[in-house]
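Just below is one structure, and these are the notes that go with it.
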Amino acid sequence: MFKKVLIANRGEIALRVLWACKELGLKTVAVYSEPDRESLHVRFADQAVCIGPARSIDSYLNVPAIITAAEITNADAIHPGYGFLAESAYFAEICEACNIKFIGPGPQAIRLMGDKSRAKKAMIKAGVPVLPGSTGVVEDEEAAVRVAKDVGYPVILKASAGGGGRGMRVVKNPADLAQAYRSASAEAAAAFGVPDVYIEKYIERPRHIEIQVMADAKGNVVSLGERECSIQRRHQKLLEEAPSPVVNDKLRRRMGKTAVEAAAAVQYVNAGTIEFLLDHEGNYYFMEMNTRIQVEHGVTELVTGRDLVKEQILVAAGQPMSFSQRDVAIGGHAIECRVNAEDPRTFAPSPGHVRHFYVPGGPGVRVDTFAHEGCTIPPYYDSLVAKVMTHGRDRREAIDRMRRTLEVTVVEGIKTSIPLHLEILRHPEFVKGEVDTHFMERFMAQKKAGTLS
Ligand code: MV4
């Protein structure tokens with residue numbers, strides 16, 4: 001086992017990883033940027049190293065500074081959390097070369113899944129269902145026209161180096177294709193330095209359902225059920241739940257089996273998530289694989305009773321997973337609200353000094369946060385302040401617990417998304433579980449028109 005783990009992150013996930021290390025009896029090293037020096041992850045770690053000024057590029061993305069911090073503290077592993085360097089194949093490689101264990105999948109799996117059209121090809125080879133479309137990258141406009149005609153409109157153009165929605169274009173009729181192809185490719189080139197684009201059939205109002213998988217170095221791969229992540233705005237998730245209100249045991253078993261096959265096909269090790277689109281006929285299609293622990297992993301932990309971060313550390317150290325597929329059962333229902341420091345109406349960031357902070361605990365409530373009375377939410381990083389999670393015997397109980405929790409939560413000094421969460425939790429379509437990836441667009445339109453009860 002490792003003796004000392006460096007946590008290459010900040011905020012709530014740095015604390016989440018810190019708790020897992022402490023439970024395993026491991027020493028911890030925090031790294032921090034100048035404005036984060038008073039942060040809780042710095043205070044609670046055994047050691048802490050400043051890795052640079054505020055801007056991420058100079059601190060949390062500063063590979064030489066992080067590797068140096070690991071070397072001078074004698075850390076034998078690095079947990080990257082999510083964001084920053086978590087999906088950098090380059091960083092995973094540098095760790096390997098420096099004899100520091102990267103707590104995550106190998107660089108080859110990260111690189112493969114980071115190239116969305118290559119990943120799709122690998123999934124086709126593994127027998128995983130994907131949407132019809134181009135086989136790999138579309139070379140030019142003429143090829144785009146041919147493929148689109150073949151699969152039928154509407155189609156969607158996606159940047160191969162993209163993911164998370166950047167560099168996408170939906171094309172409803174042939175007249176718009178050439179222009180969309182040029183602009184998607186140009187946007188991809190500008191954003192990622194790679195102009196490659198691929199095409200697939202566009203699904204109207206799908207659900208975003210993702211399967212959590214965990215794999216160890218002995219070849220064991222296990223699925224831990226799905227998360228319903230359809231409630232998003234501009235590809236930022238606002239609320240997630242496990243299980244999905246529309247996934248029954250049979251579909252869960254099928255999707256779980258597919259996800260395990262997908263991970264096994266690329267010799268995947270560590271925690272990962274397979275994202276699927278689910279259409280209205282109950283068909284599901286591979287979209288992307290996220291090669292990291294995700295923000296929303298906690299709802300899966302609540303319904304499975306497993307600690308995914310501890311498991312990540314165990315399997316990175318070469319140990320077998322602590323459970324097998326037979327041991328995985330989904331119990332009750334869990335919901336997560338991502339409390340962001342932002343204006344709930346305009347979504348403008350709202351960093352600043354937190355004058356008051358209170359979130360109640362109680363049965364079925366879990367709060368992952370780095371916020372506390374008197375803390376400062378700096379403007380340089382993402383706006384996530386707290387993940388409020390509730391667990392109940394059923395969806396109704398989880399929703400009721402979330403409402404009561406958020407109704408008495410106090411965050412003063414900054415604006416937060418809590419008022420928006422409370423409106424979503426009251427929305428009749430949400431309460432019925434009738435959500436899809438366009439829920440938030442309809443919701444915002446209803447709000448604007450004043451037709452929201
Ligand atoms: C799609 C799609 C419909 N059809 N692909 C958005 C993020 C990126 N991972 C893929 N995305 C989509 N791909 C096909 N063939 C609709 C979306 C999509 C979406 C997906 C998940 C969650 C929210 C979304 C919002 C808009 C579009």
Side-chain angles (χ1 to χ4, degrees), residues 82-83 87 113-121 123-124 128-138 144 147-148 150-172 177 180-181 184 187-188 191-192 196-211 226-241 244-247 255 259 262 272-292 294-296 336 338 347 424 429-430 434-445:
Y82 54 69
E87 289 175 283
M113 291 304 173
D115 180 336
K116 307 302 166 186
S117 82
R118 237 183 101 210
K120 193 174 169 184
K121 274 189 187 167
M123 291 302 108
I124 294 169
V128 170
V130 300
L131 281 154
S134 57
T135 320
V137 173
V138 196
V147 175
D150 236 44
V151 304
Y153 288 83
V155 296
I156 184 166
L157 300 168
K158 295 182 177 182
S160 202
R166 289 181 301 171
M168 289 190 343
R169 293 283 185 288
V170 177
V171 184
K172 305 241 158 162
L177 187 69
Y181 175 81
E187 190 178 311
F192 317 110
D196 296 353
V197 169
Y198 63 106
I199 295 192
E200 61 189 28
K201 178 90 189 156
Y202 179 68
I203 308 279
E204 312 265 3
R205 293 185 293 108
R207 284 173 180 257
H208 173 146
I209 290 175
E210 55 185 37
I211 303 274
E226 79 284 3
R227 293 185 287 262
E228 167 70 66
C229 301
S230 296
I231 302 197
Q232 320 197 347
R233 185 186 164 273
R234 298 197 182 158
H235 307 292
Q236 287 298 311
K237 294 168 187 156
L238 288 163
L239 183 156
E240 305 96 343
E241 52 186 308
S244 163
V246 294
V247 174
M255 292 182 81
T273 297
I274 319 278
E275 291 185 4
F276 293 103
L277 288 182
L278 181 68
D279 72 13
H280 294 269
E281 282 81 57
N283 304 305
Y284 60 87
Y285 307 93
F286 170 86
M287 260 206 311
E288 302 179 7
M289 181 172 190
N290 300 317
T291 57
R292 59 172 189 273
Q294 288 188 267
V295 175
E296 61 271 28
E336 166 174 280
R338 294 193 189 186
F347 298 92
I424 295 169
E429 279 180 33
F430 172 77
E434 289 168 6
V435 292
D436 59 57
T437 52
H438 295 276
F439 173 87
M440 281 309 293
E441 284 161 42
R442 294 194 296 275
F443 174 91
M444 297 307 289

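In each ligand, atom 1 is the first atom listed, and ligand 1 is the first ligand listed. The structure presented is a predicted model; accordingly, all values stated were derived computationally and were not measured.
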Using only heavy-atom distances, determine whether the side chains of Thr273 and Gln294 contain a donor-acceptor pair under 3.5 Å.
yes

What protein heavy atom sits nearest [atom], and how far off is it?
{"atom": "atom 20 (C) of ligand 1", "result": "Thr437 CG2, 3.9 Å"}
{"atom": "atom 16 (C) of ligand 1", "result": "Tyr202 CE1, 4.1 Å"}
{"atom": "atom 2 (C) of ligand 1", "result": "Leu277 CD1, 3.6 Å"}
{"atom": "atom 7 (C) of ligand 1", "result": "Gly165 N, 3.5 Å"}
{"atom": "atom 17 (C) of ligand 1", "result": "Met168 CE, 4.5 Å"}
{"atom": "atom 4 (N) of ligand 1", "result": "Ile203 N, 2.9 Å"}

Pairwise side-chain contact, Val155 with Leu177, heavy-atom cut-off 4.5 Å (strictly under)
yes

Is there a side-chain contact between Ile231 and Phe443 in this structure, where contact means two heavy atoms from C-beta onward sitting under 4.5 Å apart?
no

So does Glu240 get a backbone contact from the side chain of Glu336, meaning a donor-acceptor N/O pair under 3.5 Å?
no

Under 3.5 Å: donor-acceptor pair, side chain of Thr437, backbone of Ser230
no

Look at Glu200 together with Lys120 and state whether they make a salt bridge at an N to O cut-off of under 4.0 Å.
yes

Any salt bridge between Arg442 and Asp436, counting N to O under 4.0 Å?
yes

Per-residue contact class, Lys201 against ligand 1 - non-hydrogen pairs under 4.0 Å
backbone

As a check for students: among Gln232, His208, His235, identify the option with a heavy atom nearest to atom 25 (C) of ligand 1.
His235

Option whose closest heavy atom lies nearest to atom 5 (N) of ligand 1, chosen from Met440, Met287, Lys158
Lys158

What about Glu200: any of its N or O atoms under 3.5 Å from an N or O on ligand 1?
yes

Should Glu288 be counted as touching ligand 1, given the test is an N or O pair under 3.5 Å?
yes

Out of the candidates His438, Lys237, His208, only one should pair with Gln232 under the side chain to side chain donor-acceptor pair (under 3.5 Å) rule; please name it.
His208

